[in-house]
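The structure under discussion appears below in the form of structure tokens.
Everything numeric in this text was worked out from a predicted model, so none of it was measured. One is the number of the first residue; the rest follow in order along the sequence.
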Amino acid sequence: MFGWLFRPSCPCDREAKRWVESRLAWLNDEFPRNVFEGRPIVVPTKHFFPEPIEPNRRSVSRLVARVASWMGVDMKRIRLEFDKLHSDVPLVNERGQALPDAAGLYEFDDERRTIVLSEAEFHHPEALLGTIAHELAHERLLGEGRLYGDEFDNELVTDLTVVHLGLGVMLANSPRNWASQQTTWPGSDLNRPEYMSP
């Protein structure tokens, strides 16, 4: 009704739009089966997450395997480790804002790929899902030789790959949740008590 008043506009500036379009075209060549070609969009519902996510290594390991299967990652090539990646000393930027700690790491060489997840994320399943998807996207890009790791846009392409492979919704809460922000999605099945086991 108000289409004439509020015309849709691109949320990106011209350069960002050009980058997104060129990288999406590249990803389409690399991964022909994607969300634009019929791959399902994974959302935080019982359909995609039938088992409760518990804050322990066994449950998180199962979760990583499930996400890996959606993203086409061969878990036989991955060693999964857990650590306390968060720093005891909070860092701040030049404006005094807290800087996020690493929630996950991806390391690879010719013989081994390792994903390290922070145990501090275990109590935040939606942020954890975004971290898992991001680190697994590194495997699809770096581990499979599509990127080398020194590209200026490596981390951005990694997040765009997560979107391209159908798990972009999981990144919504993943970049960092500050204390003033909501940490779970209204209406999400993951908000239910069985998904937030202490």
If you compare all heavy atoms of T131 against all heavy atoms of E121, which two are closest, and at what distance to 0.1 Å?
OG1-OE1, 3.0 Å

What I'd like to find out is whether the side chain of L24 reaches to under 4.5 Å of the side chain of V20, using heavy atoms alone.
yes

Only pairs under 3.5 Å count here: list side-chain donor-acceptor contacts from residues 60-67, not counting sequence neighbours, and write none if there are none.
unit_1: S61; atom_1: OG; unit_2: R57; atom_2: O; d: 2.8
unit_1: R62; atom_1: NE; unit_2: E51; atom_2: OE1; d: 3.0

Looking only at heavy atoms, what is the nearest atom pair of G166 and V35, with distance?
CA-CG1, 3.0 Å

As an exercise, state the distance from CG of L128 to CD1 of I53, rounded to the nearest 0.5 Å.
7.0 Å

To the nearest 0.5 Å, what is the distance between CD on E30 and CG on L165?
11.0 Å

Mind checking whether L141 and Y106 have side chains closer than 4.5 Å, heavy atoms only?
no

Do L27 and L160 have side-chain heavy atoms sitting under 4.5 Å apart?
yes

Derivation of the side-chain contact (heavy atoms from CB on, under 4.5 Å) call for R79 and R112:
CA-CA 7 Å; R79 183 173 70 183; R112 178 177 299 166; 2.9 Å; yes

If I take atom CE from residue M75 and atom CD from residue E139, how far apart are they, to the nearest 0.5 angstrom?
9.0 Å

Quick check against the 3.5 Å criterion: does R140 have a side-chain atom that pairs as donor or acceptor with the backbone of M71?
yes

Could you go step by step and tell me if W26 and R146 meet the side-chain contact (heavy atoms from CB on, under 4.5 Å) rule?
CA-CA 10 Å; W26 179 78; R146 291 180 169 91; 4.0 Å; yes

When you look at F82 and V116, which way does the side-chain contact (heavy atoms from CB on, under 4.5 Å) test go after all the steps?
CA-CA 5 Å; F82 302 99; V116 184; over 6 Å; no

Hey, is the main chain of W70 close enough, under 3.5 Å, to the side chain of R39 for a donor-acceptor pair?
yes

Please confirm whether the backbone N or O of E54 pairs with a side-chain atom of S59, one donor and one acceptor, at under 3.5 Å?
yes

With side-chain contact (heavy atoms from CB on, under 4.5 Å) as the test, would you mind laying out the steps for V162 and M170 before giving the verdict?
CA-CA 9 Å; V162 174; M170 302 308 163; 5.5 Å; no

Run the side-chain hydrogen bond (donor to acceptor under 3.5 Å, both in side chains) test on E107 and T114 for me, step by step, so that the C-alpha distance in whole Å, both residues' side-chain angles and the decisive distance to 0.1 Å come before the verdict.
CA-CA 5 Å; E107 300 169 338; T114 303; 4.8 Å; no

Side chain proximity check, Y148 to L142, heavy atoms < 4.5 angstrom:
no

Once you round to the nearest 0.5 Å, how far does CG of L136 lie from OG1 of T158?
11.5 Å

Atom of L171, atom of G130 and distance for their closest heavy-atom approach:
CD2-O, 3.7 Å

Nearest heavy-atom neighbours spanning N154 and L147:
OD1-CD1, 3.7 Å

Test item: H138 and R113 side chains (from C-beta on) under 4.5 Å apart, heavy atoms
no

Is there a donor-acceptor pair under 3.5 Å between the side chain of S22 and the backbone N or O of W19?
yes

side-chain contact (heavy atoms from CB on, under 4.5 Å) filter on N28, not counting sequence neighbours, yields N34, E37, H164

What distance do I115 atom CD1 and I78 atom CD1 have between them, rounded to the nearest 0.5 Å?
4.5 Å

What residues form a side-chain contact (heavy atoms from CB on, under 4.5 Å) with E21, not counting sequence neighbours?
K17

